[in-house]
Amino acid sequence: MAEQAKPKVLVIQGPTACGKTALSIRLAQEYQGEIVNADSMQMVRGFNVGTAKPTPQERQQVPHHLFDVVSPDEHYDAGGYVDRARAVIDLILRKQRLPIIVGGTGLYVRTLLGGLADLPGADAQLRERYQAILNEQGVKALADMLLEKDPKAVQTLDLENPVRVIRALEVLELTGEPIWLHQQRHEFADRPYDTLQVVIHADLAVLDDRIRQRTALMVKSGLIEEVQRLLMVYGDRTLRPYQSIGYRQVLEFLDGKTDYYNLEEEIIRKTRRYARKQLQWLRNEKQTRWYRYPEQEHGLTQDVGSWLAGEALPAVEDGLPSSE
RNA sequence: GGCCAGGUAGCUCAGUUGGUAGAGCAGCGGACUGAAAAUCCGCGUGUCGACAGUUCAACUCUGUCCCUGGCCA
């Protein structure tokens, strides 16, 4: 099938605190778009302040999807995200509007655009079993279990990473085939959309400064209170959303492990590191077009218009920031 | 002023009976296919507070001084 037959989907990515939310709303207004969240934490209900979720006022300006769709104690993952996101995108396309994927979770965007290997999802019972082995005997024991049945995993898997090893064991047990074999067949080749994949970025010094300011604002505007409120309903501190940046630190603060000043500094540090990690991921993404923001917003907006009109955009070097 | 405890990597600290130093955190680099704001991997030369002394050799012993914290005046 020709590339033009695929529906157009705009993607906006970039490190945390770089201004994705505001930019995407403007683009949605300009091009009759609707925003589809691609941020794993912003999907969670009740986690608002610390995730810098778009405010109710912002969400009124243009339709927003996939925010607040999971409960803090509910399991969700990239697979579930792809299903939901593709369904929402279909709805938007049917309305003849432009889906705009916005978010910082690189894996979610990659799998949304390229699909996931056709594999069973997480199996709670199996994981519980492997987790117990991990706790009692360490990763090494799990890795040995895996290698016994799948010796080739040495070359394809990080055997020191419990998350990866457990997943590999799970897939092996559920399908009878090693995970790398499934992945080899797939390779993110399931590409249903014609995309313009935009990455916005800024100098690290500027970004760092914005992160500091935003964190101070979060703490001042009720992050701690939000956590206290959440804890009253969801008292299990091992829930995944509590492990994320900001929330984990507030928990430590509430436990008396850090003081107020360090709470803020710690969140700033973790957020900065996270921004660098996001940038690292994005550098590996092919087919991306990088724009400095806010400086190049005008050019970016024009490029989106050209792309929608079916005009060819100048080629870009894959994954590299534009030189301007 | 006296007594006590300290002064070692950006921070918190470890350093056996003297052989010129090492962890955690931070930082930097990297990975990433149903936990992804998670998870994992790699990277540690720093006047060992200063100056003298003992010694073949001192972060490690001795002396003096400086600084910090605590207690007593």
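Throughout, a chain's letter reflects where its sequence line sits, starting with A, and its residues are numbered from 1. Keep in mind that what you see is a predicted model, and the values were worked out from it rather than measured. Heavy atoms only: backbone and side chains are in, while hydrogens, waters and symmetry mates are out.
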Tell me whether the rings of A/F67 and A/H64 are parallel (<30°), tilted (30 to 60°) or perpendicular (>60°).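 Judged by the thresholds at 30° and 60°, the geometry between A/F67 and A/H64 is tilted.
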In whole angstrom, give me the gap between the [atom1] atoms of [N] and [M].
N	M	atom1	value
B/U68	B/C32	C1'	47 Å
B/C67	B/G29	C1'	38 Å
B/G6	B/C61	P	11 Å

Should stems be defined as at least three consecutive Watson-Crick or G-U pairs with both distances under 3.5 angstrom, which of them involve RNA chain B?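 RNA chain B forms these stems: B:1-7 with B:66-72, B:10-13 with B:22-25, B:27-31 with B:39-43, B:49-53 with B:61-65.
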Taking only side-chain nitrogens and oxygens of [X], does any of them come within less than 4.0 Å of OP1 or OP2 of [N]?
X	N	answer
A/R164	B/A38	no
A/Y108	B/A36	yes
A/T105	B/A37	yes
A/R248	B/U39	yes
A/R240	B/A35	no
A/K277	B/A38	yes

Is there a side-chain contact between A/V171 and A/R167 (heavy atoms, below 4.5 Å)?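 Of all side-chain heavy-atom pairs linking A/R167 with A/V171, at least one is under 4.5 Å.
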For the residue pair A/R26 / A/Q29, report whether a side-chain donor-acceptor contact shorter than 3.5 Å exists.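 Note: A/Q29 and A/R26 side chains miss the donor-acceptor criterion.
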Any donor-acceptor N or O pair under 3.5 Å, side chains A/Y274, A/Q278: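 Looking only at side-chain atoms, A/Q278 and A/Y274 do form a donor-acceptor pair, the distance falling under 3.5 Å.
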Taking the nucleotide of RNA chain B with the nearest heavy atom to each, does A/R110 or A/V163 sit closer to the 5' end?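 It is A/R110 whose nearest nucleotide is closer to the 5' end.
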Between A/A78 and A/N161, who's closer to the 5' end of RNA chain B by nearest nucleotide?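 Here A/A78 is the residue nearer the 5' end.
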Quick test: give all pairs of protein nitrogen or oxygen and nucleotides 26-29 of chain B nitrogen or oxygen below 3.5 Å, distance rounded to 0.1 Å.
| residue | atom | partner | partner atom | Å |
| --- | --- | --- | --- | --- |
| B/A26 | OP1 | A/K270 | NZ | 2.6 |
| B/A26 | OP1 | A/R273 | NH2 | 2.5 |
| B/A26 | OP2 | A/R273 | NH2 | 3.4 |
| B/G27 | OP2 | A/R273 | NE | 3.4 |
| B/C28 | OP1 | A/R276 | NE | 3.0 |

Under a 90° cut-off about 0 for the syn range, is B/G29 syn or anti?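 Anti conformation for B/G29.
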Give every residue pair that meets the ring-ring contact (aromatic ring centres under 6.0 Å, His included) criterion with at least one member in residues 24-47 of chain A, sequence neighbours excluded.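 Non-adjacent pairs meeting ring-ring contact (aromatic ring centres under 6.0 Å, His included): A/F47-A/Y242, A/F47-A/Y247.
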Checking all strands, does A/Q183 fall into the base, sugar-phosphate, or nothing category for heavy-atom contacts under 4.0 angstrom?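 A/Q183: base contact, heavy atoms under 4.0 Å.
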